[in-house]
Amino acid sequence: ESHCANVLHPSAAPVELSLYYESLCPGCRLFLVQQLFTTWLLLPAEVLNITLVPYGNAQARNVSGKWQFQCQHGPEECLGNMIEACLMHEAQNFSTYFPVIFCMESGSSVTKNLEACLQIYAPQLDGGRIAACVQGDTGAALMHRNAQLTQALDPPHQY
């Protein structure tokens with residue numbers, strides 16, 4: 001930890017880290033909240049690039065031209081995954097949306113505390129625009145993209 005704080009000008013390219021996770025998976029939530037977020041806070045921005053892909057063990061299917069998703073931990077998890085995907089899409093900036101996702105994942109209800117987390121960590125973001133994304137075609141398209149990213153993993157994810 002003391003070495004990390006003293007890294008002012010890293011001599012190598014940043015570490016690329018992608019987390020493929022599910023919004024209601026207990027192990028995913030614990031890792032994101034207790035390990036990944038705290039590590040991100042400790043390290044200089046130039047050291048670590050993080051990509052978050054909320055999808056996990058979900059299943060996607062196209063029904064009459066519309067994507068539908070079934071999630072391992074039920075419909076609430078699909079909603080949580082989509083809220084987080086839409087938040088990322090709306091915010092664009094990792095350092096804007098990651099604290100909000102941390103707040104959502106560390107709370108008692110991932111799907112019910114978006115507004116409170118936005119007020120604390122990103123009051124400039126419009127919760128209504130995120131909700132419109134979740135309820136519209138953009139949210140489904142973002143989830144489909146996360147499905148494709150997850151299915152393209154090599155080696156493939158196993159659980």
**Student:** Please name the pair of heavy atoms, one in Asn113 and one in Gly107, separated by the smallest distance, quoted to 0.1 Å.
**Tutor:**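 Closest pair (atom of Asn113, atom of Gly107, distance): ND2-CA, 3.6 Å.
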**Student:** So, for Phe69 and Ala140, which heavy atoms are closest and what is the spacing to 0.1 Å?
**Tutor:**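 Looks like CZ-O, 3.5 Å.
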**Student:** Tell me whether Met104 shares a hydrophobic cluster with Val53, the cluster being built from Ile, Leu, Val, Met, Phe, Trp, Tyr side chains joined at under 4.5 Å.
**Tutor:**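 Hydrophobic grouping puts Met104 apart from Val53.
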**Student:** Working to the nearest 0.5 Å, report the span between OG1 of Thr150 and CE of Met143.
**Tutor:**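 Answer for the OG1-CE pair, Thr150 versus Met143, is 8.5 Å.
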**Student:** Is the CD atom of Gln72 crowded by more than 12 outside heavy atoms at less than 6.0 Å?
**Tutor:**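 Count over threshold, so yes.
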**Student:** As a quick check of understanding, evaluate side-chain contact (heavy atoms from CB on, under 4.5 Å) for Leu36 and Leu52, giving each step before the final call.
**Tutor:** CA-CA 11 Å; Leu36 186 59; Leu52 299 176; 4.2 Å; yes
**Student:** With rounding to the nearest 0.5 Å, note down the distance linking CG in Asn146 to CD in Gln151.
**Tutor:**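 Nearest 0.5 Å value for the CG-CD distance: 11.0 Å.
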**Student:** Can Leu24 be reached from Leu30 by stepping across I, L, V, M, F, W or Y side chains whose heavy atoms are under 4.5 Å apart?
**Tutor:**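 Leu30 does not cluster with Leu24.
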**Student:** Just how far is it from atom CG of Leu153 to atom CD of Gln158, taken to the nearest 0.5 Å?
**Tutor:**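 Taking CG in Leu153 and CD in Gln158, the distance rounds to 11.0 Å.
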**Student:** Apart from Leu142 itself, what residues make up its hydrophobic cluster when side-chain heavy atoms of I, L, V, M, F, W and Y under 4.5 Å apart count as a link, directly or indirectly?
**Tutor:**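 Hydrophobic cluster check, Leu142: no partners found.
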**Student:** In terms of hydrophobic clustering (I, L, V, M, F, W, Y; side-chain heavy atoms under 4.5 Å; direct or indirect links), are Leu41 and Leu43 co-clustered?
**Tutor:**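 Hydrophobic grouping puts Leu41 with Leu43.
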**Student:** How far apart are the C-alpha atoms of Asn57 and His157, what are their side-chain angles, what is the distance that settles it, and do they pass the side-chain hydrogen bond (donor to acceptor under 3.5 Å, both in side chains) test?
**Tutor:** CA-CA 9 Å; Asn57 292 322; His157 84 292; 2.9 Å; yes
**Student:** Do you know which two heavy atoms are closest between Ala60 and Ala147, and how far apart they sit?
**Tutor:**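 Nearest pair, atom of Ala60 first, then Ala147: CB-CB, 4.4 Å.
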**Student:** With rounding to the nearest 0.5 Å, note down the distance linking CG in Leu87 to CE in Met82.
**Tutor:**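 One finds 14.0 Å between CG of Leu87 and CE of Met82.
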**Student:** Among the clusters formed by ILVMFWY side chains lying less than 4.5 Å apart, do Leu19 and Val47 turn up in the same one?
**Tutor:**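 Yes, one cluster joins them.
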**Student:** Do Leu118 and Ile130 have side chains that approach each other closer than 4.5 Å (heavy atoms only, starting at C-beta)?
**Tutor:**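 Leu118 reaches Ile130 side chain to side chain.
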**Student:** Establish, yes or no, whether a centroid distance under 6.0 Å links the rings of Trp40 and Phe94.
**Tutor:**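 Here the rings of Phe94 and Trp40 have centres that are less than 6.0 Å from each other.
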**Student:** Starting from Tyr20, can I reach Leu48 by hopping between I/L/V/M/F/W/Y residues whose side chains sit under 4.5 Å apart?
**Tutor:**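 In one cluster: no.
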**Student:** For the residue pair Glu115 and Gly127, what are the closest heavy atoms and their distance?
**Tutor:**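 The answer is OE2-CA, 3.2 Å.
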**Student:** Kindly state whether the ring of Phe98 and the ring of Phe37 have centres lying under 6.0 angstrom apart.
**Tutor:**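 Yes - the distance between ring centres of Phe98 and Phe37 falls below the 6.0 Å cut-off.
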**Student:** Would you indicate whether the side-chain heavy atoms of His73 and Pro26 approach each other to under 4.5 Å?
**Tutor:**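 Heavy-atom side-chain distance check passes, below 4.5 Å.
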**Student:** When Ser23 is tested against each of Ile83, Val110, Leu32 for side chain to side chain contact (heavy atoms under 4.5 Å, CB included), which residue passes?
**Tutor:**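 Answer after filtering Ile83, Val110, Leu32: Val110.
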**Student:** Counting only heavy atoms not in Asp137, do more than 12 fall under 6.0 Å of its CG?
**Tutor:**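 No, not enclosed.
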**Student:** Distance from Ser106 atom OG to Gln34 atom CD, nearest 0.5 Å?
**Tutor:**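 Output value for this atom pair is 10.0 Å.
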**Student:** Nearest 0.5 Å, please: how far is NE2 in His144 from CG in Leu149?
**Tutor:**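 It comes to 10.0 Å.
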**Student:** Determine whether Arg129 and Cys133 make a side-chain contact, defined as any pair of heavy atoms from C-beta on separated by less than 4.5 Å.
**Tutor:**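 No, too far: nothing below the 4.5 Å cut-off.
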**Student:** Between Tyr21 and Glu84, is the side-chain hydrogen bond (donor to acceptor under 3.5 Å, both in side chains) condition met? List the steps.
**Tutor:** CA-CA 11 Å; Tyr21 69 104; Glu84 292 181 9; 2.5 Å; yes
